[in-house]
Each structure stands twice: as structure tokens, then as C-alpha cells.
A.B. asks: 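Okay, here's the structure, questions in a sec.
Both backbone and side-chain heavy atoms feed into the values below; hydrogens, waters and symmetry mates do not. It should be emphasised that the depicted structure is a prediction, and the values quoted were computed from it without experimental measurement.
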Amino acid sequence: MLPFLMQMRLDDATEEYTELTKKVIKGIENLSRLREEDIEIGVTPKEIVYREDKLILYHFQPTVEERLNIPVLIVYALVNRPFMVDLQEDRSLVANLLKLGLDIYLIDWGYPTRADRWLTLDDYINGYINNCVDFIKTKHSLDQINLLGICQGGTFSLCYSAIYPEKVKNLIVMVAPVDFQISDALLYMRGGCTLGAEALDIDRMVDSLGNIPGDFLNFEFLMLKPRQLGIQKYLDFPEIMHSEDKLLNFLRMEKWIFDSPDQAGEAYRQFLKDFYQANKLIKGELMIGDKQVSLGNISMPVLNLYAEKDHLVPPTSSIALERYVGTEDYTVRSFPVGHIGMYVSGKVQRDLPPAIADWLKARAD
């Protein structure tokens, strides 16, 4: 007798097969009704208030009368699109912060083309971010604003705040890499934190390709967990496609994952060499253009948020920040999720926005 027949009765197998077939049929019906606009992301009402090259600065429409008088600028990573913070109505960090009275701006880096091949970190940090900060300051007649940097955008925000501490009232970094010498983290090893160019010859890569294809980076991230991210979720798909809500959640996430902009070659070269391979940020050796980055210059209050199960930015990389900043007002808080869970977990979206809003409101004066 076949082993699986010993473990499962025929009527049980038939029942499971019938149930799965019903789910698949219902799922096909759901898919046939869906339109492209049904899986749109970044749906919270907003307006474009500033443009520069490919960059767009959005201002989100306030949803409450009483608002914090110091706006928050969200700086996202160059990798992937920034609308993970506004994935859908019931899973939106932006929408939840607006409900708590925060005034939110968001940088959309756009899609670099061959014309952007020579953009450097100097252009992104001393140029684009600084220009957005100055625009918001002028619009609100303020000397300082709040910064919320996420992932690589958190690293950029640290650099910016170290160079221009007089322009930043409060700094929040979320799942932000700080110490890149983490030898047991696959992404850090792949970037060359232990072997340098022997792990990844970024000079040859940029010199050959110019801009780094977004599909290459996306594949690299997926291969960090190939079974879970590349196989298992599709094997599980027939179990969820009968539910329209779960189906839409899945498709919105897939849309975000595979919407991967190319990376400007020179900026990517410096980020890999100076951060991953040389770890210059915490060594005080980093230069952004002609300006040295010293984390000790970060004297404003800092809130450091990290994910305890993060496989892209290990907790130890984020936690290291406390040892290098100069502020006496430092707060760290963790959440029991992975990197993406910081944006989409229902429990985190219940707890994270109030943690940010309460922390900022306590330091509004």
C-alpha cells in the first residue's frame, strides 16, 4: 500500500481535494473581475508640491483639524518604491500617522534613467534631500523639520542630520542599517562586508552596466529566502485566492515587490564601497561630497525603530546607532516582525504610528 494512503483516508483526501477545487474556482472568478485600478497602491490623497529632475515631493492631505505644527518628511530607500508606507487603506503607515495629527511629506525618487548614471550620494543627500527640507521649511516658516528615514533612507537621514543638524528638529530612523560589518547577515556578506571586492566587484559592475538594474537587486533580495519568497508563497496562493481581500493583499504586495527602479550607478558604487565594504559611517570616515559625516554631530532627539526578525537589516546593525550619536535624548524600540512586517503587520500598524506620534508630540516644543 502507498505510504500516503496509510496516513490519509480516501474520503479525507477527496474532501480536501473538493475544498481546494472550490477555492480555485472562486479564485478564478475573483481574478476575472479584478482591474488594474483595484490593486493600486499609494492611495492616500496627496498633492505634488515640489519637483526636481526625477524626484517628486508629495504632501498628504491632512485628515484631522488639530495637527502637529512641525511637519514630518519621510525619506525612503532608493530600492523599491516608497508606497510601501501607504500600501492600502487598512495597512498604511501614512494614513495612520495622519489620523494622529501629523503633517506628512514623502520623497518619491522616481525611476533613474541612463541620464542619471552619474548621480552620486552627494546629489541625493546634499542636493535632493536638502532641497526638499528647505522647501518645507520655507513653506511652513520654520527653522527645522522632523525627519523619518526608512531602511536605506534611514541611513541617508542619519548622514543628512549629521551634516545639517541645525535643520532637523527630531530624527526617526526605522529598520535603518548603521553598522555594516555584520558577518552573519547574508545581504551584508553579499555586499562585501567581510571580503570587499572579492565578494562583489562593484567597480567592474558599474563600469560595465552603468545603472544597476532593479531586477538584479530584486532577485538578490528574493534569493536571501528563496523557498519562502520565491516558491512557498505561490504554492500557498490557491489557499487564499478565494478570498478577495487576501487576493488583493497578495497582488498589491507583488506589485510593490516587482516595481524595482534601477539604481544610479555612481550612487550605488559609493553606497556599496563606503558603507557595506568599508563601514565608513560608524568609523567617522564617510564623505558625502565635500562634507564629512560624523554621527556625533547628531544632537537632536533620536527615535530608533527596528524589526526583531529582520533578515535584510539585522537588529544588531540598527541597534549599534546608540554608540555613535551625540544626542542625550535617544529612544530605541523594537517590534516582533520582519522587515516588511514593519509596514504591513496589523499589530505593528496598531502600535507603531502611536509610538511615533507620541514621541514627536512630547518633543514638539
A.B. asks: What's the spacing between Ser157 OG and Ile129 CD1 if we round to 0.5 Å?
C.D. replies: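 That separation rounds to 5.5 Å.
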
A.B. asks: Using a 3.5 Å distance criterion without hydrogens, assess whether the side chain of Gln292 forms a donor-acceptor pair with backbone atoms of Gly284.
C.D. replies: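 Such a contact is found between Gln292 side chain and Gly284 backbone.
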
A.B. asks: Under the criterion side-chain hydrogen bond (donor to acceptor under 3.5 Å, both in side chains), which of Thr120, Asp207, Asp274 is the partner of Arg269?
C.D. replies: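 Result: among Thr120, Asp207, Asp274, Asp207 is the only option passing the side-chain hydrogen bond (donor to acceptor under 3.5 Å, both in side chains) with Arg269.
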
A.B. asks: Atom CZ in Phe335, atom CE in Met342: separation rounded to 0.5 Å?
C.D. replies: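 Reported value, rounded in 0.5 Å steps: 5.5 Å.
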
A.B. asks: One thing to verify: whether Asp203 and Lys273 come together as a salt bridge, which I'm taking to mean a side-chain N less than 4.0 angstrom from a carboxylate O.
C.D. replies: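 Yes.
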
A.B. asks: Among all residues two or more places apart in sequence or in another chain, which pass the ring pair (Phe, Tyr, Trp, His ring centres under 6.0 Å) test with Tyr188?
C.D. replies: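 So Tyr188 forms a ring pair (Phe, Tyr, Trp, His ring centres under 6.0 Å) with Phe180, Tyr276.
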
A.B. asks: Under 3.5 Å, is there a donor-acceptor pair between the side chain of Ser317 and the main chain of Val178?
C.D. replies: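 Yes, Ser317 side chain to Val178 backbone: donor-acceptor pair under 3.5 Å.
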
A.B. asks: Under 3.5 Å, is there a donor-acceptor pair between the Asn249 and Gln88 side chains?
C.D. replies: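 A donor-acceptor contact under 3.5 Å links the two side chains.
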
A.B. asks: Residues in salt bridge (Lys or Arg N to Asp or Glu O under 4.0 Å) with Asp259, at least two apart?
C.D. replies: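 Salt bridge (Lys or Arg N to Asp or Glu O under 4.0 Å) check on Asp259 returns Arg81.
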
A.B. asks: Can you tell me how far the CD1 atom of Ile107 sits from the CG atom of Leu55, to the nearest 0.5 Å?
C.D. replies: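 Reported value, rounded in 0.5 Å steps: 5.5 Å.
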
A.B. asks: Show me the donor-acceptor pairs within less than 3.5 Å that the side chains of residues 294-305 make with the rest of the protein, sequence neighbours left out.
C.D. replies:
from, atom 1, to, atom 2, distance (Å)
Asn297, ND2, Ala162, O, 3.4
Asn304, ND2, Ser318, O, 2.9
Asn304, ND2, Tyr330, OH, 3.0

A.B. asks: Does any pair with a residue in residues 98-155 pass ring pair (Phe, Tyr, Trp, His ring centres under 6.0 Å), and if so which ones, sequence neighbours excluded?
C.D. replies: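 Sorted pair list: Tyr50-Phe135, His59-Tyr105, Tyr105-His140, Trp109-Tyr124, Tyr124-Tyr128.
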
A.B. asks: Looking at residues at least two apart in the chain, or sitting in another chain, which of them share a salt bridge (Lys or Arg N to Asp or Glu O under 4.0 Å) with Lys283?
C.D. replies: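 Not a single residue meets the salt bridge (Lys or Arg N to Asp or Glu O under 4.0 Å) criterion with Lys283.
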
A.B. asks: Is the backbone of Ala197 close enough, under 3.5 Å, to the side chain of Asp201 for a donor and an acceptor to pair up by distance?
C.D. replies: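 Absent.
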
A.B. asks: Donor-acceptor check, side chain of Glu266 to backbone of Leu121, threshold 3.5 angstrom: yes or no?
C.D. replies: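 Not a single qualifying donor-acceptor pair exists.
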
A.B. asks: I'd like to check the salt bridge (Lys or Arg N to Asp or Glu O under 4.0 Å) partners of Arg67; sequence neighbours left out, ordered by chain and number.
C.D. replies: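 By the salt bridge (Lys or Arg N to Asp or Glu O under 4.0 Å) rule, Arg67 matches no residue at all.
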
A.B. asks: Counting distance only, does the side-chain N/O of Asn131 pair as donor-acceptor with the main-chain N or O of Gly127 below 3.5 Å?
C.D. replies: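 Yes, because the side chain of Asn131 sits within donor-acceptor range (under 3.5 Å) of the backbone of Gly127.
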
